[in-house]
Amino acid sequence: MPLVRIDHSDARSNPREIADAVHRAIVETYGIPERDRFQVLSARPAGMIIAQDAGLGFDRQDPVIIQIFTQRGRDVAQKQALYAAIAAALEPVGVAGADVFIGYVENGPEDWSFGFGAAQYVTGELGVPRTD
């Protein structure tokens, strides 16, 4: 059950295609249900996203910043597979690999409320998703 924030410049004309590609990569890599989709898309004016290369020696042209908030429990190999799947899924919709920046944040079942002020994983209204 990831919550995904996607920030992109307002020069990009296909934010829904970008969001669909990211979701498809998560579904295919992690095996989550198709309707387990929570995304926030934000277009920013040109120049309002600053994402340099951290010293890796490449230039970004039009960065897409992806923040993934999800339950802890996946190993390094699963996360690396997800990063690769997202980059591969974004290429056909016009996002170059150099422009993909992903931040991944893990938390636990007690950190989610799907509505009504309840922590549904804690109350048992929802089963805690498996991460294996």
Are the side chains of V4 and V40 in contact, using a 4.5 Å heavy-atom criterion? no
Of all the heavy-atom pairs spanning D10 and A46, show the shortest one and how long it is. OD1-N, 3.6 Å
Side chains of V100 and V64, heavy atoms from C-beta outward: is any pair under 4.5 Å? no
Clusters formed by hydrophobic residues whose side-chain heavy atoms approach within less than 4.5 Å: which one holds F116, and what are its other members? none
Does any pair with a residue in residues 16-29 pass salt bridge (charged side-chain N to carboxylate O under 4.0 Å, His left out), and if so which ones, sequence neighbours excluded? R16-D20, D20-R37
Apart from M48 itself, residues in the same hydrophobic cluster as defined by side-chain heavy atoms under 4.5 Å: none
With sequence neighbours excluded, what pairs up with T123 under the side chain to side chain donor-acceptor pair (under 3.5 Å) test? E125
Residues in salt bridge (charged side-chain N to carboxylate O under 4.0 Å, His left out) contact with R35, at least two apart in sequence or another chain: none
Pairing residues for R72 by the salt bridge (charged side-chain N to carboxylate O under 4.0 Å, His left out) criterion, not counting sequence neighbours: E110
Here the salt bridge (charged side-chain N to carboxylate O under 4.0 Å, His left out) pairs for residues 82-95, sequence neighbours left out, are none
Is there a chain of hydrophobic side chains (I, L, V, M, F, W, Y, each step under 4.5 Å between heavy atoms) that links V122 to F69? no
So which heavy atom on P63 is nearest to which on R60, and how close? CB-CD, 4.1 Å
Working for side-chain contact (heavy atoms from CB on, under 4.5 Å), residues I68 and V105: CA-CA 6 Å; I68 301 170; V105 179; over 6 Å; no
Which atom names give the shortest non-hydrogen contact between S42 and R5, and what distance separates them? OG-NH2, 3.8 Å
For T29, what residues pass the side chain to side chain donor-acceptor pair (under 3.5 Å) criterion, not counting sequence neighbours? none
With sequence neighbours left out, which residue pairs that include part of residues 44-55 fulfil the side chain to side chain donor-acceptor pair (under 3.5 Å) condition? D7-R44
Show your working on side-chain contact (heavy atoms from CB on, under 4.5 Å) between L90 and I66 and close with a plain yes or no. CA-CA 11 Å; L90 287 174; I66 302 163; 3.8 Å; yes
I need the full list of ring pair (Phe, Tyr, Trp, His ring centres under 6.0 Å) pairs touching residues 4-49, with sequence neighbours left out, sorted by first then second residue. F38-F114
Determine the minimum heavy-atom distance between A98 and F58, stating which atoms define it. O-CE1, 3.6 Å
Any donor-acceptor N/O pair, D36 side chain to P33 backbone, under 3.5 Å: no
Sub-4.5 Å side-chain heavy-atom contact between W112 and L3: yes
If I take atom CG from residue D75 and atom OG1 from residue T131, how far apart are they, to the nearest 0.5 angstrom? 9.0 Å
In Å and rounded to the nearest 0.5 Å, what is the OG1 to CG distance from T70 to N107? 7.0 Å
Quick check: is I26 connected to L126 through a chain of hydrophobic side chains (ILVMFWY, heavy atoms under 4.5 Å apart)? no
Heavy-atom pair with the smallest gap, counting every atom of A89 and A25: CB-CB, 4.2 Å
Between S9 and I49, which heavy-atom pair has the shortest distance, and what is it? N-CD1, 3.9 Å
Would you call I65 and I6 a side-chain contact if the rule is heavy atoms closer than 4.5 Å? no
Which residue pairs pass the salt bridge (charged side-chain N to carboxylate O under 4.0 Å, His left out) test with at least one member in residues 97-107, sequence neighbours excluded? R12-D99, K79-E106
Which pairs count as ring pair (Phe, Tyr, Trp, His ring centres under 6.0 Å) when at least one residue sits in residues 77-110, sequence neighbours excluded? none
